[in-house]
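Numbered from 1 within each chain, the chains take letters A, B, ... in sequence-line order.
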Amino acid sequence: MKNNIAHDSAIKHAMGKAIFIDDMVEEKGTLHAYLGLSKIAHGEIINIDLSEVEKAKNIICILDASDIIGVNDISPMGLLDEPIFAQKKVEFYGQPIFAVIGKSRLAARKAAQLAKIKYKEHKAKININDALLAGGEEVTPPLTLERGNTEQSLQQSKYRLKGSIRIGGQEHFYLEGHIAYAIPKEENEMIIYSSTQHPSEVQQMVAKALNISTNEIVVINRRIGGGFGGKETQSNLFAVIAALAAKKTKRAVKIRPSREDDIISTGKRHDFLVNYDVGFAENGRINALKANFAARCGFSADLSGPVTDRTLFHADNCYYYPNVKLTSQPLKTNTVSNTAFRGFGGPQGMLAAERIIEEIAYKLNKDPLEIRKINFYGENERNITPYHQEITDNIIAKLVEELEISSNYKQRREEIIKFNKNNKLTRRGIALTPVKFGISFTATWYNQAGALVHIYRDGSIMLNHGGVEMGQGLHIKIAQIVAEQFSLDLDRIKISPTATDKIANSSATAASCGADLNGMAAKRAAKKIKKRLIEFAKKKFSCKKDDIKFINNEVIIGKQKLSFAQFINMAYLARVQLFDSGFYKTPNISWNRDKGEGNPFFYFAYGAAVSEVQIDLLTGESKIKRVDILHDVGNSLNENIDLGQIEGGFLQGLGWLTFEELYFDKKGRLITNSPATYKIPLASDIPEIFNVKMVDWSKNPAKTIKRSKAVGEPPFMLAISVLQAISMAIASIADYKICPRLNSPATAENIFMSIERLKSEI
Amino acid sequence: MEYKKSIKFILNEREVELSNFSPNLTLLDFMRLDRGMIGTKEGCNEGDCGACSVLIGKIKNGKIEYMSANSCICFVGTLNGTHIITIEYLQKINPPLHPIQKAIIDYHGSQCGFCTPGIIMSLYGLFLQNPKPSEENIKIALQGNLCRCTGYAPIIRAAISLSQNDALSDDRLKNHQSEIIKKLQIINSEKTIIIHNKEEESEEEEFIIPANLDDFAKIYLQKPHATILAGGTDIGVWVNVELKKLTPLIYIGHLNELKLLQKNSDNIIFGSIFSYTELNKYIKQYFPDLTDYWLQIGSAQIRNMGTIGGNIANGSPIADLAPVLIGLNASLILRKGNKRRKIRVEDFYLSHNKQDLSAGEFIENIIIPLLKKNEHISFYKISKRKYEDISTISAALKIEISKGKIINSIFAFGGMAAIPKRAKKAEKILLNQPICEDIFIKSAKQLEKDFTPISDVRASKQYRMRIAQNLIRKFYLELNNEK
Ligand SMILES: Cc1cc2nc3c(=O)[nH]c(=O)nc-3n(C[C@H](O)[C@H](O)[C@H](O)COP(=O)(O)OP(=O)(O)OC[C@H]3O[C@@H](n4cnc5c(N)ncnc54)[C@H](O)[C@@H]3O)c2cc1C
Ligand code: FES
Ligand code: FES
C-alpha cells in the first residue's frame with residue numbers, strides 16, 4: 001500500500017505504554033468522585049437524605065446542586081435544559097442528583113448507593129409512541145425541507161405507497177469509559193484532563209459552572225479510548241463535576257463511572273419512527289416523497305437539533321426526489337438525552353431512503369438495485385437536493401457499476417434466488433446499497449480550525465492542533481502533512497496533547513472533518529515558517545527561491561547541502577521566527593435553516609457495499625457470508641488508516657442494524673446497561689468473506705487537503721446493505737412480492753417475527 | 001488448626017508475597033492501584049470486554065500452562081502458586097517488540113489502542129497453546145475481547161500472518177519455563193492458607209485456601225455461611241457490579257482432588273472444578289454433538305476460568321450446562337463433611353435461585369452416562385449475539401430409538417421457566433411413536449402446556465415459545481438430515 005505509515009501511537013498501544021487518563025500518575029492526595037443517580041424516570045424529588053452516604057467510611061464530602069457556584073447547566077446549546085445535578089425535577093432514570101467524594105473510587109461508589117431519596121412519580125414517556133400519545137412535545141424546533149409540489153405530485157403518481165420504519169438507537173461503547181481528572185492550581189486556575197472530543201466546550205462548561213472566565217481553565221487530552229460521538233458533549237458532565245469537586249475540596253479529583261453508570265447516564269444514538277408516503281412511476285422512478293422523522297431525543301435538546309437536521313439532509317441518500325417534503329420531529333421523552341453518534345442522524349435518514357427503495361422494488365417485483373439506479377442523482381441534471389444544494393461531485397453511478405461487476409452481484413443474486421427455491425430451512429439474500437454523505441458541520445461556524453508548529457534548534461518539530469485523537473489516526477495524518485512540507489522523517493515530529501491553552505475555541509473533533517480542518521490549518525502554519533526559511537536562505541546564500549529545496553531531511557541550497565537541523569540552527573541564529581500558527585475555515589458553505597435552503601456541505605463522500613447473508617427460518621438467526629465494499633476517500637492521506645475507518649465503521653454499523661438493541665423497561669430503566677446485555681460485534685461477527693477496496697480514481701474536486709475526503713462516518717452506513725440483504729432473504733417467503741418491512745435492529749427475534757408476518761400475508 | 005498467612009505468586013519476573021488484603025481484591029485493581037502497572041486496562045470490570053486480559057500460568061502434571069483470563073474478575077487470593085503474565089512482561093523483550101506486538105503494529109491492528117494490550121495477551125495465550133492456529137481458532141480466542149474501533153479485520157490479518165511463520169519459536173516465556181516451574185513448585189503449600197484483611201478488623205474478612213479436599217470439607221462445615229469460590233466468573237460480577245462484599249471466601253480452584261476424571265463402561269465421572277477449556281478435549285471425544293455448543297459458552301477467557309461446578313451450583317435458569325446435563329441424565333455427587341449423596345441434576349433445581357444444597361454441602365463430582373448407540377441428542381443455544389452471550393433459550397433434546405420407535409425422550413430447556421426444566425408433556429407424546437414429522441410437531445405444541453416463558457431483555461415470551469417449538473422441529477429435521 002502507498003504510504004504505509006502506522007498510527008502514531010501504534011507501538012505504545014501494543015506495548016501497553018500509551019497513557020490514558022486513568023493511567024496517569026496521580027497527584028498526591030487525589031480524591032475520587034462518584035455519581036448518585038435518579039432511580040425513577042420522571043417525577044419530583046420530595047426529600048434527599050444523604051446522611052448514610054456522608055457517614056460512610058473514607059468519605060470526604062457530598063457535592064450537589066447547592067455547590068454549583070455558577071450555572072447549573074451543561075446544555076451545549078445554552079438552553080438551560082440540562083442540569084448538572086437535578087434539583088426538584090427528575091427527568092430520566094439515571095439522572096445525576098449528587099456526587100460523593102471519597103478517598104478511593106470504591107469507597108465513593110459504595111457510599112453513593114446509600115442515598116435515600118424520596119420521589120413523587122409522574123407518568124413517564126419512554127418511547128416515541130408514548131411521546132406522540134402525550135402530545136408530541138419537542139425539545140428543539142423541528143426542520144422542514146421542501147421542494148416542488150409534493151401533495152399534488154403524490155396524487156398524480158401512478159403508484160403510491162405509505163409505510164413506516166422503526167429504527168433503533170445505539171450505545172457508543174467506547175472501550176475507555178468517561179473519565180475526567182481535575183487538578184486545582186493557583187487561585188481559580190485549574191487543569192482538567194478529560195476524555196472528550198471537544199476540549200474547548202468542556203473548558204467553557206467548567207468556566208460557566210465555576211463562574212470564572214474561560215482563561216482560568218485548561219483542558220487537555222493526549223488520546224481518548226474511542227469516542228464515536230459519545231464524547232462530543234457527554235464528557236461535559238464528568239469534567240464539570242470533577243472541577244466542582246476539586247474546587248470544593250482543594251484537592252485533585254478524578255471521576256470515572258462504572259460501565260453500567262456510564263451507559264445509563266450518557267446519551268446514545270437516536271431511535272426513530274419514520275412515516276413515508278411515496279409516489280412513483282411504472283419504472284420505479286420516484287416522483288414525490290413525503291416523510292416525517294420522529295426521534296426519541298430524551299429529556300433535553302443536547303445536539304438533537306443538528307442530529308435530526310442531518311437525518312433530513314440524508315433522507316435522500318443518492319436519490320433525486322423531484323418533489324419532496326421532509327419534516328423532523330425531535331420528541332421529548334423521559335430518557336437520557338440522546339446525542340451525537342457516528343453519522344450524526346445521517347444513518348437513520350439513509351436507512352429510511354433505502355427502505356423506500358425496497359418498498360418500490362417489491363411492489364414492482366424488481367431487483368432493488370434497478371430501482372436504486374433509476375433514482376440516482378444525475379451528474380448535471382436531476383441533481384438538486386431537498387435542501388436546494390446542487391450536487392456537483394456525483395460519482396455514485398460509476399462507483400456502483402464498478403462494485404456490481406467486481407462483486408459479481410448479478411450472477412450471485414440469480415444463484416441465491418435459485419438457492420431459496422430449493423431450501424426449506426435456510427434462505428439467503430443479497431443487497432447492494434450506496435452511500436452519499438455530506439461533509440461539513442451544518443453549524444457553519446464549527447468549520448474552522450487552528451494549528452501550531454514549533455521548530456526547535458535541533459530541527460525537531462512540535463505540532464499541535466485543535467483535533468482530538470480518538471483512534472481515528474488524526475494525529476498521524478496531520479504529522480504526515482507537516483513532515484511533507486519540510487520533507488522530514490515522521491520521527492522528527494512530535495504531536496503534543498490537545499490542549500485549550502494552545503489552540504483557542506477549537507471545534508469538536510466530529511462530523512468526519514478532523515483531518516480536513518486541522519490538516520489544512522497545520523499545513524498553513526508550516527507554510528508560513530517555510531516561507532520565512534526560504535527568504536532567509538535566499539538572503540544568506542544569495543540565491544533564488546528555486547535553488548532551495550527541502551529533500552529527505554536535508555536542505556539543498558544550490559550546491560550546498562545542509563542537514564535540516566544545521567539549517568534550522570542557522571536560521572535561529574539569524575533570528576528567524578521558527579514557530580507559527582495556521583488557521584483554516586471551510587469556504588463556500590452556507591445554510592439558512594429557517595428557509596431550509598443553502599449549501600451546507602463542502603463536498604460529498606461516496607461508497608457502496610454488497611452484502612450476502614443467510615437466515616435460519618426456524619430461529620431467525622442470521623449470518624453474514626460475504627461483504628464487498630468500494631469506498632471513496634478521494635486521494636487518501638493514509639490508506640491504512642482509511643481502511644481501518646472503513647472496516648471499523650462497517651462493523652459498527654452492522655452491530656447497530658443487527659443485534660445491538662437498547663431495551664428500556666416500562667419504568668424507563670435501561671436494562672441493556674452492560675456488555676452482558678448489550679452486545680457489540682465480536683471478531684466472529686465479521687463477514688466470512690470481507691473484501692474492502694478504495695476507489696482508486698477519485699480525487700476530491702473540492703480543494704481539501706491533498707484532495708482527500710473525510711472517512712470517519714461515511715463507511716458506517718455501508719452496513720445498510722446487510723439489513724437489506726436480510727430483508728431479501730425474508731422476502732423470498734412471499735416470492736419477493738411483499739416488502740418484509742424489517743425494522744432495525746434485525747435481531748433473530750425481529751427476523752423471525754417478520755418471517756411469520758410474511759407467511760401470514762401470502 | 002495450623003495455617004499459613006500469606007500467598008505467593010510470580011508477577012511477570014517478580015515474586016510477590018501478600019499477607020494482608022481484602023478477600024474481594026481483584027488482580028486488576030491490585031496491578032493498577034497497588035502496583036502502578038497501568039498497561040492492563042479496565043473496560044467493563046465484569047469479564048465481558050477483555051481489556052484486562054492477562055495470562056495465568058499454572059502447573060499441570062509437571063508442566064506449566066498459560067491461559068488467558070480476565071484480571072478484573074480474578075481474585076488475588078486465587079493466585080497462590082501461579083505465574084501471571086501481563087503486557088508489561090512484553091515490554092522487557094529484546095529486540096524491543098514481541099512478534100505479536102510487531103504484527104499488530106504492521107497490520108494496523110490498533111486504533112484508539114485501549115483494547116490492544118488485552119488483545120495481545122489473548123493472542124499470546126493462543127499462540128502458546130497452538131503455534132499454528134486457523135482463522136477459526138483466532139476468532140474463538142478473541143471471543144472475549146471487544147474492540148469498538150478496528151472491526152477486528154486487521155487484528156485477524158495480523159494473527160494469520162503470525163500463524164504462517166513460527167512466531168513463538170524463540171519466546172522468552174517458553175525458554176524460561178523450567179526455571180519458573182521450579183520456583184512455583186516451592187511455593188505450593190501443604191498447609192491451609194488464611195488471609196486476613198487487617199484494615200477491616202471488625203468484620204470477619206477472610207480468604208481461605210484449604211490445603212486439600214478433606215480440609216475444605218471440614219472448614220466449609222464449620223463456616224457454612226462462607227462462599228465457595230471456584231472460577232469466580234459469577235462471583236466476580238457480584239462483587240464488581242452488584243457491589244457485594246463476600247467474605248469469607250473459600251477457594252477450591254486449586255484442589256487437585258476435585259479434578260478427578262474417570263471413565264467406566266457406562267459413565268464418565270469428573271470433578272467439579274474442571275474448567276470448560278480443560279474438559280474441551282473430553283467433550284469432543286465423548287459428546288461430539290456438544291462441541292459447537294461448548295464454544296458458545298462464555299468467551300475463551302471465561303471458559304479458561306469458569307468451572308462446571310460453579311455453573312451448576314449457581315442455579316441460574318439460563319446456566320448453559322443445566323439443560324445439557326439434564327438432557328444427558330447426569331447426576332451430582334454432593335458432599336457435606338464426609339457424607340456424600342447422589343442426586344440427579346434434574347432434581348437439583350428446586351425453584352428460582354434455590355438448589356437442593358444444604359448448608360456446608362458442595363458439589364464434588366459429576367457423573368454423566370455415556371450415550372447409547374440408539375440415543376440421539378442435539379444441543380441448541382439461541383442468543384442475541386452468537387458467541388459470548390447469555391442464552392435467550394437453550395435446549396438439549398434427546399430421544400432413544402428402538403425398532404423404529406421412540407422409547408425414551410428428554411427435552412431439557414433453559415430460559416423457559418424459573419429453573420432449567422424438562423418438557424415432560426412434550427416428551428410424553430413421543431413415547432412409542434415412530435419418527436415422523438407430525439409427531440414432533442404435536443410434541444412441540446405440548447410445550448405450551450409445559451412452559452409459560454416470560455418476556456425480558458433478551459426476548460419476548462412469544463419468541464421464546466415459538467423458538468422452543470421450532471427447535472423440536474429442527475431436531476427432527478436434523479435427525480432426518482433435511483436442510
Ligand atoms: C463474561 C461472562 C460470560 C458468561 N457466559 C456464560 C455463558 O455463556 N453461559 C453460562 O452458562 N454462564 C456464563 N457465565 C457465567 C459463569 O461463567 C458460569 O456460570 C461459570 O461456569 C461459573 O463457574 P465459576 O467457577 O466461575 O463459578 P464461581 O463464580 O466461582 O461460583 C459461582 C457459584 O457457585 C458456587 N460454587 C462454585 N463451585 C461450587 C461447588 N463445587 N459446590 C458448590 N457450590 C459451588 C459459588 O459459591 C457461587 O455461588 C458468564 C460469565 C461471565 C462473567
Ligand atoms: S475489564 Fe472488561 S473483561 Fe475485565
Ligand atoms: S482500538 Fe479502540 S477499542 Fe480496539
Could you tell me which portion of [X] (side chain, backbone, both or neither) has an atom closer than 4.5 angstrom to a non-hydrogen atom of chain B?
X	value
A/Thr619	both
A/Glu26	neither
A/Phe228	side chain
A/Glu260	side chain
A/Arg256	side chain
A/Phe173	both
A/Phe659	both
A/Leu654	neither
A/Met24	neither
A/Ser684	both
A/Ala18	backbone
A/Asp616	side chain

Pair A/Glu756, B/Arg466 - check side-chain contact (heavy atoms from CB on, under 4.5 Å), show working.
CA-CA 10 Å; A/Glu756 295 290 287; B/Arg466 293 298 314 277; 2.4 Å; yes
Flag the one option from [options] with the top tally of heavy-atom pairs under 4.5 Å to chain A.
options	value
B/Ile138, B/Asn45, B/Val241	B/Val241
B/Glu88, B/Arg464, B/Gln143, B/Glu135	B/Gln143
B/Cys147, B/Cys115, B/Ser110	B/Ser110

Residue part contacting chain A, namely of [X], when any heavy atom lies under 4.5 Å:
X	result
B/Ser460	both
B/Arg32	side chain
B/Glu388	both
B/Asp29	neither
B/Leu243	both
B/Glu136	neither
B/Ile140	neither

For the student: nearest non-hydrogen atoms of [X] and [Y], plus distance:
X	Y	value
B/Asn470	A/Phe752	ND2-CE1, 3.3 Å
A/Ala748	B/Tyr463	CB-OH, 3.3 Å
A/Phe20	B/Cys112	CZ-O, 3.2 Å

So, A/Asp23 and B/Lys41, do they make that salt bridge, N to O below 4.0 Å?
yes
Charged N to carboxylate O below 4.0 Å: is that the case for B/Glu46 and A/Arg259?
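Here B/Glu46 does not pair with A/Arg259 in a salt bridge, since their nearest N and O are not under 4.0 Å apart.
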From CA spacing to verdict: side-chain contact (heavy atoms from CB on, under 4.5 Å), B/Arg473, A/Leu618
CA-CA 8 Å; B/Arg473 184 145 167 247; A/Leu618 289 177; 3.6 Å; yes
What distance do A/Glu647 atom CD and B/Gln111 atom CD have between them, rounded to the nearest 0.5 Å?
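Answer for the CD-CD pair, A/Glu647 versus B/Gln111, is 9.0 Å.
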For the atom pair CG (A/Asp685) and NZ (B/Lys386), what is the distance rounded to the nearest 0.5 Å?
10.0 Å
Would you mind telling me which of [options] makes a side chain to side chain contact (heavy atoms under 4.5 Å, CB included) with [X]?
X	options	answer
B/Val457	A/Leu670, A/Asp665, A/Leu662, A/Thr672	A/Thr672
A/Met15	B/Leu90, B/Thr116, B/Leu97, B/Ile105	B/Leu97
A/Leu682	B/Leu142, B/Leu146, B/Asp389, B/Asn145	B/Leu146

Donor-acceptor pair, side chain of B/Gln101 and main chain of A/Ala14, under 3.5 angstrom:
yes
Main-chain N/O of A/Pro681 paired to B/Tyr152 side chain as donor or acceptor, under 3.5 Å:
yes
Which one wins on heavy-atom pair count under 4.5 Å against chain B: [options]?
options	answer
A/Glu660, A/Met753, A/Arg109	A/Arg109
A/Gly177, A/Gly655, A/Ser674	A/Ser674
A/Lys17, A/Lys12, A/Met470	A/Lys17

Within a radius of less than 6.0 Å around CD1 of A/Ile11, do more than 12 heavy atoms belonging to other residues, nucleotides or ligands occur?
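No - once you tally the heavy atoms of other residues, nucleotides and ligands closer than 6.0 Å, there are 12 at most.
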Inspect the surroundings of NZ in B/Lys461 and state if more than 12 heavy atoms from other residues, nucleotides or ligands are less than 6.0 Å away.
no
Should [X] and [Y] count as side-chain neighbours, where that means a heavy-atom distance under 4.5 Å?
X	Y	value
A/Tyr174	B/Arg148	no
B/Ile120	A/His13	no
B/Cys49	A/Pro675	no

Out of the candidates A/Glu621, A/Glu749, A/Glu661, only one should pair with B/Lys384 under the side-chain hydrogen bond (donor to acceptor under 3.5 Å, both in side chains) rule; please name it.
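Result: among A/Glu621, A/Glu749, A/Glu661, A/Glu661 is the only option passing the side-chain hydrogen bond (donor to acceptor under 3.5 Å, both in side chains) with B/Lys384.
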